[in-house]
Amino acid sequence: MAAGYLEILRTRHAARLLVGTLTGRLPNATAAIAVVLFVRAEGGSYSLAGALTAVYGLATAAGQPLLGRAVDLYGQPRVMLPASVASALGMAVLAFSGIEPVAVAYAAMLVAGFCTPPLEGGLRALWPSVLTRQDQVHTAYAMDAIAQEVMFTVGPLLVTLGIALWSPATALVAINVLGVLGALSVVLSRPSRAWRSAPREAHWLGALRSTGLLALLGAFFFVGLALGAIIVAASAYADDHGRDAIYGWLMAANGLGALLGGLVYGARQWAGTPEKRLVSLVALLAVGYLPLMLVPGVVPMALLAVVSGLFLAPCIACAFIVVDRHAPRGTVTEAFSWLVTAFGVGTALGTALAGPAVELGGSAASFAVAGGGGAAALLVLLATRRVLAADGRTESVAGVDQNDPTRAVEPGFS
C-alpha cells in the first residue's frame, strides 16, 4: 500500500513541496486554538476570542480565491511569499500589541486572514508538473488529503507545546515564522518558480463561470458544515460524559478514520469518471455520519467516530481531480482556492448551527446537524450530476491537459 506514496516522495522536489506546503499552512491550521489561548492569557473573554477567530476565518475565506487568481496571473513566488509575510506580520501585531486597543486586534486578524497564502491550491497545481506519470497525480492528491489530517492533528499540539515552553504570544509568533519558512521553501523550488498557468480568458467570474465547479463547491460547503457540526457535537458529548479528554479522543478517532480511508483510496487506481465516484463517496460519508446520533458509550462512540471519518479523505482527494477537470483554462489555483473557501465557510456555519442544536436537543441533535450536512451534500451532487458530467467534457473548461502539461487524470478517464 505504501509503495505508491514512497515512489512519489522519492520523486525530485515532491517531498520538499509537500513538507514546505504543510509547514506554510501551519499558521492557518492552528490559528483558532492559538488565538483563543492568546486572548484568554491576555485576560480577554471567550466572546472576544471567538469574534477575533471569526474575523480571521472570514477574511481567509475571502482572500483565498482572490490570491489564487493572482497566482494564476502572476505566478507563485510573486504572490505567495509576500502574502505569507503579510499574514505573519498581522499575527505578530496581535502578539506584540495584545488585545488593546481592540480595533488594532481586529485589524491584525483581518490582515492575517486575508493574506493567508493559497499554498493548498498551489501545491495541487504543481503536482502534474512534478510527477512523472499521470496515475501518480491521483495518489498524490490522496496523500495530500492524508497529510492535511496529520497537520490538523499535530498543529494544535505544537501550539500547546510552544505555550508550555514559552508563552502564548511567543508560540503565536513562532508558528507564523515557521509558516513563512515553509512558504519560502516552496516558492524557491524550481517547480514553483517555473510554473505558469495556461492562458486564460478574461472574465470577472474567473473560475466561477464553470457550472460544474459551482456544483462541487455547493456540495463541499455542506461537507464542511457536517465537519463543523461534529467539532461542536464531540465537545458536547465529552461534557455529557464528564471528561474533557473524551473530546480529544473522538476527534483523534475521526482523524484516524480519515487517515485509513485516504491510505486505502490512494493505494489503487479507480476506473470510471471521478464525478460518478464522488457521488458514491459522499453517499458513504453521509451514511457514516448517521450512527453518531445514537450517542452510545465512549468506546462504541469512538469506533463510530472512526467510521464517520473513513470517507472524508477519499472525498477530498476525488474532489481535487474533479476541480482539475472543471476549472476553466488558466484558473486552476483559483479553483482549488474556491474549494478551500467553500469548505471553510461551511465548517464555520456548521459550528454556528451545532451550538443552538446542543442547547435544544443535546449532543444527539448536534450530531444530527452533521448528518443533515452530509445528506445535503449528496443531494447537491445528485441534483447536478448532469452538469458535472457535461462540464467535464466541454471545451469551455480547461480540462487538466490545458491547466497542466502532464494531464492530471486517472486511468479510465476519457
Run the numbers on Leu214 and Arg209 for side-chain contact (heavy atoms from CB on, under 4.5 Å), then give the verdict. CA-CA 8 Å; Leu214 289 174; Arg209 67 182 184 273; over 6 Å; no
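- No side-chain donor from either of Thr341 and Gln64 sits under 3.5 Å from a side-chain acceptor of the other.
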Using salt bridge (Lys or Arg N to Asp or Glu O under 4.0 Å), reason through Arg385 and Glu275 one step at a time and then give a plain yes or no. CA-CA 8 Å; Arg385 60 186 182 275; Glu275 290 84 2; over 6 Å; no
Would you be so kind as to tabulate the donor-acceptor pairs closer than 3.5 Å made by side chains of residues 364-378, with sequence neighbours excluded?
| residue | atom | partner | partner atom | Å |
| --- | --- | --- | --- | --- |
| Ser366 | OG | Ser363 | O | 2.7 |

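- In this structure, Arg193 is not positioned above the aromatic face of Trp195 in the sense of NZ or CZ being under 6.0 Å from the six-membered ring centre and within 45° of the axis.
- Side-chain atoms of Phe114 and Thr60, non-hydrogen and from C-beta on, never get closer than 4.5 Å to each other.
- No side-chain donor-acceptor contact under 3.5 Å links Arg69 and Tyr74.
- Closest approach of Val232 and Gly355 over heavy atoms only: CG1-N, 4.0 Å.
- Put simply, the side chain of Val85 reaches to within 4.5 Å of the side chain of Leu89, judged on heavy atoms.
- Ring centroid separation for the pair Phe320 and His138 does not come in under the 6.0 Å cut-off.
- Using modelled atom types, one finds no donor on one side chain facing an acceptor on the other under 3.5 Å when comparing Ser87 with Asn176.
- Here Thr21 contributes atom OG1 and Met80 contributes atom CE; the two are 7.5 Å apart, rounded to the nearest 0.5 Å.
- Distance CG/Leu284 to CG/Leu310: 9.5 Å, rounded to 0.5 Å.
- Not counting sequence neighbours, the partners of Ser185 by the side chain to side chain contact (heavy atoms under 4.5 Å, CB included) test are Arg16.
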